[in-house]
> 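Just passing along the structure, written as structure tokens.
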Amino acid sequence: MLPQASTLAKNFDILFNNIFWFSLISFALVIGAMIYFAIRYHRTRRDPFKTPYITGHHLMEISVSVGLLIVVMVIFVWGWVDYKKLLKAPSDSLEIQVLAKQWFWEFQYPEGRKLTNELVVPLNQPVKLIMTSSDVIHSFFVPNFRVKQDVVPGQYTTLWFTATQLGEHSILCAEFCGTGHSKMLGMVKVVNAEEFQQWKKTTPSIPAVSKNPQEWGKELFSQKMCNTCHAITTQKLVGPGLFGIFGKEVELEGGKKVARDENYIRESLMQPQAKVVKGFPPAMPTFQGTLTDEEVNALIVYIKNLK
Amino acid sequence: MSHANYLEEGGFWSWFTTRDHKRIGVMYLLTNLIFLAIGGIFAILIRVELFSPGPLFSADVYNKFFTFHGAIMIFMFIIPVIPAALGNFFLPILIGAKDVAFPRLNLASYYIFVGGALLAALALVTGGVDTGWTFYTPYSIRTQTSVILVTLGVFVMGFSSILTGLNFMVTVHKLRAPGMTFHRMPLFVWAIYATAIIQVLATPVIGITTLLLVMERVLGIGFFDPQLGGDPILFQHFFWFYSHPAVYIMILPAMGIISEVITVFSRKHIFGYKAIAYSSLAIAFISFLVWGHHMFVSGESQWANFLFSLLTMLVAIPTAIKIFNWTATMYKGSIHLQTPMLYALSFIFLFTIGGLTGLFLAALSVDVHLHDTYFVVAHFHYVMMGGTVMGFLAGLHYWWPKMFGRMYPEILGKISWFFIFVGFNVTFLPQFYLGKLGMPRRYHEYAQNFTFLNQVSTVGSWLINVGFLLMFAYLIYSLFKGKKAENNPWGAKTLEWQLPSPPTMHNFDETPQVIEGPYQYGVLKS
Ligand SMILES: [Cu+2]
Ligand SMILES: [Cu+2]
């Protein structure tokens, strides 16, 4: 049996078991009838020229259909309700960036700590992963948590869980991604809150190679000349001021409103013409090819924290 | 008998230029069976690798194995085998016609199929492909393997499928014998007709998609690779927009065969003729609206998921009606458990499991965990092999005497059925459990705790293999030494059984007059 190591794992098991029992009973009915008929009406017991002329029975067909319709609608609604819970991360989640590469996982914590193939999280603390891939599609899968989400290059997808069991839970890649697909394994290490604090102290935010994303973002913001067009206040220059924009809605040319999330900012950098903010010229240059995925992530963290 | 039968008329060369639907059907059958054998060899190799958790072949080699297994079985065996082989042979006869509407086009689509298949097979010898049969981008854009050859092959074979579908649709509309109203058509014809609609409407999409993929690889135009400004998820939408309906291209014709075989071997009128006939059309229709259920965890919007999950649930209803009606047909019948019937009953057994496990995958929250695991692998093998292949084998044995004028050996038929049926369950039942435990698909190596179930599964694949080898052997044997078949060895009522076995070149010497439906068994009639 698979451990139920997250708050939502139980939901999966309950619905799975219910569908299982429903299936088993329907299977037994259909196949039971089939085998019974095959024996009871075997030709050694029945004259082949004296079978009754039965062409159907509408009422039976309709009742089977309606009965089944009710059952599948119950399953559908149930699946949907549980699925909604998998989508909405609590607002106090610990946010961790995930970068999938052929063939390993890189986890980056808010303070800049980076881990490879190991994700350390505190027990009973909601964790939200903001994931992207630097090459092909991967899929982040933790069977013990019953969660899975494809990790797509050029986009951000998210996944959240609250671990309820201490110890190690394997991370697998579920989308075929090439030679190392079945070796793209990681581990979620669930520890107590105190241990987590301890771990933070003893694992410094690996300064030399990778910088704290927020500071790096700040550097990039002037290095890449964003500041020529954007103020970090609410003031308008060529482009909108970026203070406090993250998470808020914005009205676009043409009147449509969109929420400014990670994908939106990424798109503003890569395809600035795709969504132009109302009242501004489409003057923002594309940074496709000039910014690496890590740099985009750093800029996003920086902009997120302008508040 | 004034005419020679269709097998004997003309010399060897006359086969290659034939416009006779029966001969084209036989040529398809042979071609498809060859691909079945090749695809089967890859299946065995996959299972041999998975016998132990560690590597036996290298990962790259293994990845090619499962890609070839999937691509060959789907595009070169399961999609064409029932419509193009058995359908070609029997559809015109079943409606009292002398041939399909466009015999030359029919031959052309055979050669197009062979051309496409050869293109794809060329990839085998030029390094292989390792993308899986789904060719997901951007992996398929970046891998060094021969993606272009295979996708071009799929593109070309698509034309063959479209032309065959078109041909069958026109044939059904235009060439029915006098008195053969739509509601007197055998259910196999209805099924092939519904299939033809999907072939014509859905196949162009896979054609365009593979072409875009080739253009992206060759010319660097960014459709799907984000590095070139494309969207990888768009590919999945395009791909499944074809490939989900294609699942019904594969299963509907098999359902048609089951309707024929169950009635004949129960000596009963079909239970709920219209419900079965129209549920084929209903399935064909809904099949266009559910492709997104392959993408629940791709990052697709939640409302898209809402709709796709809802619509997918609806497919259960026409499907269940069919299963219910087939079972009900046996009620108070006189059941003959010959090989075709054993396969038909196996179909009901296995396809019911396949269908019910589909409910797990259609439920959004449950799919999140099961998606891309062995649960899915088991599910679609229950549907495709437990469904389509069992249906095909039922049809192959049922019509074998008509096609070749010889009986297959009944006892060997049953022994081979036993190996295939038992072997199938031994192979694939454990895979449901593996998937639930979280073993992802397309895994070259796996964790120790999955070893036992994988070994059971591998042993099962050997049993299946024994069954198929035996079948190939006795079928070939029966071609030469089999007992001569009577015109109507099963006592069936459909038109093909009124012809000699094997039929003459022109099928009917006189156009038949149809005065009643195809399933008039029982005391009150006849
Ligand atoms: Cu992978
Ligand atoms: Cu599908």
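Naming convention: chains lettered A, B, ... in sequence-line order (proteins, then strands); numbering from 1 in each chain.
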> With ring centroids as reference points, do Phe57(B) and Phe65(B) lie under 6.0 angstrom apart?
yes

> For chain B, which candidate among Ile54(A), Asp47(A), Asp82(A) shows the most heavy-atom pairs at distances under 4.5 Å?
Ile54(A)

> Under the 3.5 angstrom rule, does the side chain of Trp160(A) hit a backbone N or O of Leu129(A) as a donor-acceptor pair?
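No; zero donor-acceptor contacts below 3.5 Å.
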
> Show which side-chain atoms of residues 57-81 of chain A pair as donor or acceptor with protein atoms under 3.5 Å away, not counting sequence neighbours.
{"from": "His57(A)", "atom 1": "ND1", "to": "Met60(A)", "atom 2": "N", "distance (Å)": "3.2"}
{"from": "Glu61(A)", "atom 1": "OE2", "to": "Asn325(B)", "atom 2": "ND2", "distance (Å)": "3.1"}
{"from": "Ser63(A)", "atom 1": "OG", "to": "Leu59(A)", "atom 2": "O", "distance (Å)": "2.5"}
{"from": "Ser63(A)", "atom 1": "OG", "to": "Met60(A)", "atom 2": "O", "distance (Å)": "3.3"}
{"from": "Ser65(A)", "atom 1": "OG", "to": "Glu61(A)", "atom 2": "O", "distance (Å)": "2.8"}

> Taking all non-hydrogen atoms of both residues into account, name the closest pair between Arg46(A) and Lys332(B) and its distance.
NH2-O, 2.8 Å

> Quick one: does any side-chain atom of Thr286(A) pair with a main-chain N or O of Met270(A) as donor and acceptor, under 3.5 Å?
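Checked: pair present.
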
> Among Leu337(B), Asn63(B), Thr373(B), which residue has the highest count of heavy-atom pairs closer than 4.5 Å to chain A?
Asn63(B)

> Which heavy atom of Lys101(A) sits nearest a heavy atom of Leu99(A), and at what distance?
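Answer, listing the atom of Lys101(A) first, then Leu99(A): CE-CD2, 3.5 Å.
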
> Output the residues of residues 170-177 of chain A for which the shortest heavy-atom distance to chain B is under 4.5 Å, in residue-number order; output 'none' if no such residue exists.
Leu172(A), Cys173(A), Ala174(A), Glu175(A), Phe176(A), Cys177(A)

> Give the table of side-chain donor-acceptor pairs shorter than 3.5 Å for residues 13-33 of chain A, with sequence neighbours excluded, one pair per line with atom names and distance.
{"from": "Asp13(A)", "atom 1": "OD1", "to": "Arg146(A)", "atom 2": "NE", "distance (Å)": "3.0"}
{"from": "Asp13(A)", "atom 1": "OD1", "to": "Arg146(A)", "atom 2": "NH2", "distance (Å)": "3.3"}
{"from": "Asp13(A)", "atom 1": "OD2", "to": "Gln4(A)", "atom 2": "NE2", "distance (Å)": "2.8"}
{"from": "Asp13(A)", "atom 1": "OD2", "to": "Arg146(A)", "atom 2": "NH2", "distance (Å)": "2.9"}
{"from": "Asn17(A)", "atom 1": "ND2", "to": "Asp13(A)", "atom 2": "O", "distance (Å)": "3.2"}
{"from": "Asn18(A)", "atom 1": "ND2", "to": "Ile14(A)", "atom 2": "O", "distance (Å)": "3.4"}
{"from": "Ser23(A)", "atom 1": "OG", "to": "Ile19(A)", "atom 2": "O", "distance (Å)": "2.8"}
{"from": "Ser26(A)", "atom 1": "OG", "to": "Phe22(A)", "atom 2": "O", "distance (Å)": "2.6"}

> Quick one: sort the His444(B) and Tyr62(B) rings into parallel, tilted or perpendicular, breaks at 30° and 60°.
tilted

> Under a 4.5 Å heavy-atom cut-off, does chain A meet the side chain of Phe432(B), its backbone, both or neither?
neither

> Is it the backbone or the side chain of Phe360(B) that comes under 4.5 Å from a heavy atom of chain A, or both, or neither?
both

> Looking at Ser58(B), Ala328(B), Ser298(B), which one has more heavy-atom pairs under 4.5 Å with chain A than the rest?
Ser298(B)

> Without swapping roles, check the side chain of Arg267(B) against the backbone of Gly491(B) for a donor-acceptor pair under 3.5 Å.
yes

> At a heavy-atom separation under 4.5 Å, does Lys85(A) approach chain B through its side chain, its backbone, both, or neither?
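No part of Lys85(A) comes within 4.5 Å of chain B.
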
> Mind ranking Met295(B), Lys268(B), Met341(B) by heavy-atom pairs under 4.5 Å with chain A and telling me who comes out on top?
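Ranked by heavy-atom pairs under 4.5 Å with chain A, first place is Lys268(B).
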
> Sort out for me which of Leu310(B), Thr352(B), Ile323(B) touches chain A most, counting heavy-atom pairs under 4.5 Å.
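When all of Leu310(B), Thr352(B), Ile323(B) are compared, Leu310(B) has the most.
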
> What option among Phe141(A), Tyr156(A), Phe145(A) has the most heavy-atom pairs under 4.5 Å with chain B?
Phe141(A)

> Closest approach of Lys148(A) and Val297(B), non-hydrogen atoms and distance?
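That closest heavy-atom pairing would be O-CG1, 3.8 Å.
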
> Do Ser134(A) and Asp293(A) have a side chain donor and acceptor closer than 3.5 Å?
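Their side chains do not contain a donor-acceptor pair, so the 3.5 Å distance test is not met.
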
> For chain B, which candidate among Ala9(A), Gly178(A), Ser139(A) shows the most heavy-atom pairs at distances under 4.5 Å?
Gly178(A)

> Could you name each residue pair satisfying salt bridge (Lys or Arg N to Asp or Glu O under 4.0 Å) that touches residues 356-370 of chain B, not counting sequence neighbours?
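Every candidate salt bridge (Lys or Arg N to Asp or Glu O under 4.0 Å) pair involving residues 356-370 of chain B fails, so no pair, neighbours aside, qualifies.
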
> Within 45 degrees of the axis of the six-membered ring of Phe375(B) and under 6.0 Å from its centre: does Lys436(B) put its NZ or CZ there?
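Output no; distance or angle outside limits.
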
> Identify which part of Ala316(B) has an atom lying under 4.5 Å from any heavy atom of chain A, answering side chain, backbone, both or neither.
both

> Go through the atoms of Thr131(B) and report whether side chain, backbone, both or neither lie under 4.5 Å from a heavy atom of chain A.
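Backbone of Thr131(B) only, per the 4.5 Å heavy-atom cut-off to chain A.
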
> Strictly by modelled atom types, are Thr67(B) and Asp130(B) linked by a side-chain donor-acceptor pair under 3.5 Å?
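Absent: no donor and acceptor within the cut-off.
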
> Give the member of Asp231(B), Thr329(B), Asn305(B) that has the highest number of heavy-atom pairs under 4.5 Å with chain A.
Asn305(B)

> Return the option, out of Asp135(A), Val147(A), Leu87(A), Val152(A), with the maximum number of heavy-atom pairs under 4.5 Å with chain B.
Asp135(A)

> As an exercise: rank Gly299(B), Gly517(B), Pro440(B), Ala320(B) by heavy-atom pairs under 4.5 Å with chain A and give me the winner.
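Most heavy-atom pairs under 4.5 Å with chain A: Pro440(B).
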
> Quick one: what part of Tyr273(B) sits under 4.5 Å from any heavy atom of chain A, side chain, backbone, both or neither?
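Backbone of Tyr273(B) only, per the 4.5 Å heavy-atom cut-off to chain A.
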
> Is Ile141(B) in contact with chain A via its backbone, its side chain, both, or neither, using a 4.5 Å heavy-atom distance?
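It is neither, since no heavy atom gets under 4.5 Å.
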
> Side chain, backbone, both or neither: which part of Phe296(B) has a heavy atom under 4.5 Å from chain A?
backbone

> Given heavy-atom pairs under 4.5 angstrom as the criterion, report whether the side chain, backbone, both or neither of Arg442(B) touches chain A.
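Answer is both: backbone and side chain atoms of Arg442(B) are under 4.5 Å from chain A.
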
> Quick check: are there more than 12 heavy atoms from other residues, nucleotides or ligands sitting under 6.0 Å from NZ of Lys10(A)?
no

> Which region of Thr143(B), side chain (C-beta onward) or backbone (N, CA, C, O), has a non-hydrogen atom less than 4.5 Å from a non-hydrogen atom of chain A, or is it both or neither?
neither

> Taking the six-membered ring for Trp and the single ring otherwise, decide whether the centroids of Tyr443(B) and Phe450(B) are under 6.0 Å apart.
no

> Go through the atoms of Gln236(B) and report whether side chain, backbone, both or neither lie under 4.5 Å from a heavy atom of chain A.
side chain

> Give a yes or no on whether a salt bridge exists between Glu49(B) and Lys64(B), defined as a side-chain N under 4.0 angstrom from a carboxylate O.
no

> Determine the minimum heavy-atom distance between Val136(A) and Tyr139(B), stating which atoms define it.
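Closest heavy-atom pair between Val136(A) and Tyr139(B): CG1-CA, 3.6 Å.
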
> With respect to chain B, which residue among Gly56(A), Pro153(A), Pro48(A), Ser182(A) yields the maximal number of heavy-atom pairs within a distance under 4.5 Å?
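When all of Gly56(A), Pro153(A), Pro48(A), Ser182(A) are compared, Ser182(A) has the most.
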
> Using non-hydrogen atoms only, which part of Thr312(B) is less than 4.5 Å away from chain A: side chain, backbone, both, or neither?
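Thr312(B) has no heavy atom closer than 4.5 Å to chain A.
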
> Against chain B, work out which of Ile39(A), Thr158(A), Val151(A), Thr55(A) has the most heavy-atom pairs shorter than 4.5 Å and name it.
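That would be Thr55(A).
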
> Which atoms of Ile35(A) are under 4.5 Å from chain B, going by heavy atoms: the side chain, the backbone, both sets, or neither?
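No part of it gets close to chain B.
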
> For Asn11(A) and Tyr83(A), does a side-chain donor sit closer than 3.5 Å to a side-chain acceptor?
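No, no side-chain donor-acceptor contact under 3.5 Å.
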
> Counting only non-hydrogen atoms closer than 4.5 Å, does Ile321(B) touch chain A with its backbone (N, CA, C, O), its side chain (CB onward), both, or neither?
side chain

